[in-house]
Amino acid sequence: MKTEDSTIVILIGPPGCGKGTQGEILSEKLGNITISTGNLLRDEMKSQTSLGKKLRTTMCTGKLVDDQIVLNLLKAKILTEICSDGFILDGFPRNIKQANELEELLDTLRKSFKLVAIDVSVSDKKIINRIVNRYYCTECKTNYNKLYKNPIKKNICDVCGSEGKFAVREDDTEEIVRKRLKEYNKQTAPVISYYKKKGVLLKVNGDEAVDKVSHEIDSKLKKILTY
Ligand code: AMP
């Protein structure tokens, strides 16, 4: 028997749409963790294993990583206790195959899940400008942006308090972002129609400032979830 209903929120959108930041905000509100497959892969990349080296080559060309590799990392994470009350997905699924795999994976768990997908749409012009200005804390992965979100105390992470641990992602260059956008339009955009057909899609305008986007997500989610 499955026990009722934990929530899974899936954030879909092109690179730089703000899914990472909105995932952090939603995590606080829902009390669930955010799983970013990009972060899982970057952690793996840091290890100097042959898999880590292979990942660097793929990710730095803006291509998607092999489905099975991502799925294995995600499975390992989801099967930990902390995810049993639901979770937020940032960066997964990235294609229809992954969307099907996610469904199969959830079917094998003893819980039933209420799934909501949020399409954070944003114009290409904004994307490049946002991405070339972003950086993150390497300790806790909190995202920052030179244009609109710097740490309150210079050089100290607002969230974990680490000093001077900021870095720029290797794939956040204009050239690679353009390739990532192509991949998004070809492989990930169809996932939006997939969830629309299932009747679980919400759409928000990611062109707006962080607070406004978060407010729009909040008011749309509150119509279907209690938190
Ligand atoms: P992100 O941090 O979500 O922007 O992802 C950075 C990079 O990690 C992407 O450009 C892909 O190369 C890889 N990646 C992240 N999530 C996935 C996924 N679900 N499937 C395949 N590749 C992924």
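Given the structure is predicted, the values throughout are model-derived calculations rather than measurements. Positions are given from 1 along the sequence. We count ligands from 1, going down the list as the structure has it; atoms in each ligand are counted the same way.
- Under the side chain to side chain donor-acceptor pair (under 3.5 Å) criterion, Glu216 pairs with Lys220, sequence neighbours left out.
- The closest donor-acceptor contact from the side chain of Ser214 to the backbone of Val210 lies at 3.5 Å or more, if one exists at all.
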Could you pull out every donor-acceptor pair under 3.5 Å between side chains of residues 188-195 and any protein atom, sequence neighbours left out?
from, atom 1, to, atom 2, distance (Å)
Thr188, OG1, Arg94, O, 2.8
Tyr194, OH, Asn100, OD1, 3.2
Tyr194, OH, Glu103, OE2, 3.0

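- Donor-acceptor pairing under 3.5 Å is lacking for the side chains of Asn32 and Tyr227.
- Looking only at atom types and distance, the side chain of Asn145 has no donor-acceptor partner in the side chain of Tyr136 under 3.5 Å away.
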Expected rows: ligand 1 N/O, protein N/O, dist below 3.5 Å:
from, atom 1, to, atom 2, distance (Å)
ligand 1, 2 (O), Arg42, NH1, 3.1
ligand 1, 2 (O), Arg42, NH2, 3.0
ligand 1, 2 (O), Arg169, NH1, 3.1
ligand 1, 2 (O), Arg169, NH2, 3.4
ligand 1, 3 (O), Arg94, NH1, 3.1
ligand 1, 3 (O), Arg94, NH2, 3.2
ligand 1, 4 (O), Arg169, NH2, 3.0
ligand 1, 4 (O), Arg180, NH2, 3.4
ligand 1, 5 (O), Arg94, NH2, 3.1
ligand 1, 12 (O), Lys63, O, 2.6
ligand 1, 16 (N), Thr37, OG1, 2.8
ligand 1, 16 (N), Gly91, O, 3.4
ligand 1, 16 (N), Arg94, NH1, 3.3
ligand 1, 19 (N), Gly91, O, 2.9
ligand 1, 19 (N), Gln98, OE1, 3.0
ligand 1, 20 (N), Gln98, NE2, 2.9
ligand 1, 22 (N), Val65, N, 3.0

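- With sequence neighbours left out, the side chain to side chain donor-acceptor pair (under 3.5 Å) criterion links Arg56 to Glu170.
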